[in-house]
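Worksheet: the structure to be examined is printed underneath.
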Amino acid sequence: MVTIISGTNRPNSSTLKLAEYYKKRLLEKGLDVGLLPLTLLPANLIETDLYGKRSDEFQPIQDIITKTEKFLFGIPEYNGSFPGVLKTFIDACSFPESFYEKKAALVGVSSGKYGNIRGIDHFTGICHYMHLHVMSLKIHIAAINKEFDENDNLFKEDTVKFANEQMDKFILF
Ligand SMILES: Cc1cc2nc3c(=O)[nH]c(=O)nc-3n(C[C@H](O)[C@H](O)[C@H](O)COP(=O)(O)O)c2cc1C
């Protein structure tokens, strides 16, 4: 099973828009892929699912993560790194069946100039700690608010090209 994780619970996030674009394109390329936005996390996650507890609300999410062999994370830049809710989510997932010896591709997103280069580096370190093997081609999309057309598709030649290359490599990864 392959799952795209949109790494923020911010309503109407650009990262979710990008994750939906990736899902659409990957389905067109014949990959059976699901999408898990962190907006689906239980609101009381820090009380219910951290440190070995498991809630009825989180269990279906855990089931998806356990079944997934290959992840694609869309990760926005928040205060120069990845969102805290993404780390909280990782910490709430069961070990080792969630991420251990699985595979991941990473896409950084920002409204500023850098496309979350540092946050993707930080997150890569955590993936390696968890033995979650990261694909070497990572994409960084800066000024994300200028990247979508009226149908919420990427349209800039360079961005489309690099995203497409990453998707093709992800399918083979
Ligand atoms: C809490 C927070 C912190 C942010 N910090 C940064 C930042 O350090 N650098 C940056 O370029 N954009 C920053 N942004 C803007 C996001 O990169 C921008 O909202 C972009 O659309 C991706 O996030 P989104 O998926 O939530 O929309 C921040 C946004 C939030 C909500």
Side-chain angles (χ1 to χ4, degrees), residues 2-28 31 33-50 57-58 61 64-65 68 70-93 98-99 104-130 132 134-135 137-167 170:
V2 181
T3 302
I4 299 171
I5 296 182
S6 173
T8 176
N9 60 345
R10 195 174 79 77
N12 305 315
S13 75
S14 295
T15 304
L16 180 53
K17 224 192 261 189
L18 185 69
E20 281 163 350
Y21 173 82
Y22 265 73
K23 182 180 173 186
K24 191 164 56 180
R25 290 283 171 270
L26 285 166
L27 287 171
E28 283 169 8
L31 186 72
V33 58
L35 173 58
L36 176 65
L38 294 192
T39 45
L40 294 181
L41 293 177
N44 58 345
L45 179 70
I46 59 170
E47 290 153 16
T48 54
D49 282 278
L50 285 173
E57 290 75 22
F58 193 88
I61 295 173
I64 291 169
I65 298 299
T68 298
K70 206 153 73 165
F71 299 91
L72 192 147
F73 287 90
I75 307 182
E77 177 171 338
Y78 288 178
N79 292 313
S81 188
F82 62 84
V85 69
L86 177 58
K87 182 62 163 54
T88 306
F89 163 68
I90 298 275
D91 292 348
C93 287
S98 296
F99 302 108
L106 310 180
V107 187
V109 176
S110 74
S111 57
K113 274 184 169 184
Y114 299 107
N116 201 11
I117 290 176
R118 182 166 34 195
I120 292 292
D121 276 352
H122 289 163
F123 196 72
T124 298
I126 290 164
C127 291
H128 287 164
Y129 179 83
M130 297 190 297
L132 176 61
V134 176
M135 196 174 86
L137 180 61
K138 303 166 186 175
I139 301 291
H140 301 278
I141 306 182
I144 187 70
N145 44 317
K146 297 186 188 140
E147 289 284 349
F148 295 107
D149 67 14
E150 63 281 4
N151 298 314
D152 289 344
N153 290 317
L154 296 178
F155 71 96
K156 291 188 178 172
E157 200 180 326
D158 267 11
T159 317
V160 169
K161 187 178 114 199
F162 286 121
N164 192 51
E165 185 186 351
Q166 189 187 35
M167 284 184 240
F170 180 65

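Quick note: numbers below take in every heavy atom, side chains included, and nothing from hydrogens, waters or symmetry partners. Whatever order the structure lists ligands and atoms in, that order sets their numbers, starting from 1.
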- [ ] May I ask you to decide whether Arg25 forms a salt bridge with Glu28, counting only side-chain N to carboxylate O separations under 4.0 Å?
- [x] yes
Residues passing the salt bridge (Lys or Arg N to Asp or Glu O under 4.0 Å) test with Glu150, sequence neighbours excluded, are none
The closest protein heavy-atom partner of atom 8 (O) of ligand 1 is Gly80 N, 2.9 Å
**Asked** Under 3.5 Å, side chain of Glu77 to main-chain N/O of Arg118, donor-acceptor pair present?
**Response** no
Open item on the list: Please report whether ligand 1 has a polar contact with Ser111, defined as an N or O pair separated by less than 3.5 Å (distance criterion only).
Closed with: yes
The protein heavy atom nearest to atom 22 (C) of ligand 1 is Pro76 CB, 3.7 Å
Angle between ring planes, Phe71 versus Phe99, binned at 30° and 60°: parallel, tilted or perpendicular? tilted
Here the atoms of ligand 1 under 4.0 Å from any heavy atom belonging to Gly112 are 10 (C), 11 (O)
Residue, atom and distance of the protein heavy atom nearest atom 13 (C) of ligand 1 read Glu77 O, 3.0 Å
In ligand 1, the atoms that come under 4.0 Å of a heavy atom of Thr15 are 24 (P), 25 (O)
Quick note on ligand 1: atoms under 4.0 Å from a heavy atom of Ile144 include exactly 20 (C), 21 (O)
Per-atom filter on ligand 1: closer than 4.0 angstrom to a heavy atom of Ser13 are 24 (P), 25 (O), 26 (O), 27 (O)
Keeping Asn44 on the side-chain end and Glu47 on the backbone end, is there a donor-acceptor pair under 3.5 Å? no
- Message: Given 3.5 Å as the limit, does a donor-acceptor pair link the side chain of Asn9 with the main chain of Leu38, or not?
- Response: no
Closest to atom 27 (O) of ligand 1 among protein heavy atoms sits Arg10 NH2, 2.8 Å
Atoms of ligand 1 under 4.0 Å from any heavy atom of Asn79, numbered from 1 in the order shown, are 3 (C), 4 (C), 5 (N), 6 (C), 7 (C), 8 (O)
Donor-acceptor pairs under 3.5 angstrom involving side-chain atoms of residues 140-148: please list them, not counting sequence neighbours.
unit_1 : atom_1 : unit_2 : atom_2 : d
His140 : ND1    : Gly115 : O      : 3.0
Glu147 : OE1    : Thr159 : OG1    : 2.9
Glu147 : OE2    : Thr159 : OG1    : 3.3

Give yes or no for whether the N/O distance cutoff of 3.5 Å, strictly under, is met between Leu16 and ligand 1.
no
among protein heavy atoms, the one nearest atom 1 (C) of ligand 1 is Tyr78 CG, 4.0 Å
Using only atom types and a distance under 3.5 Å, with no angle test, would you say the side chain of Lys70 pairs donor to acceptor with the backbone of Phe170?
yes
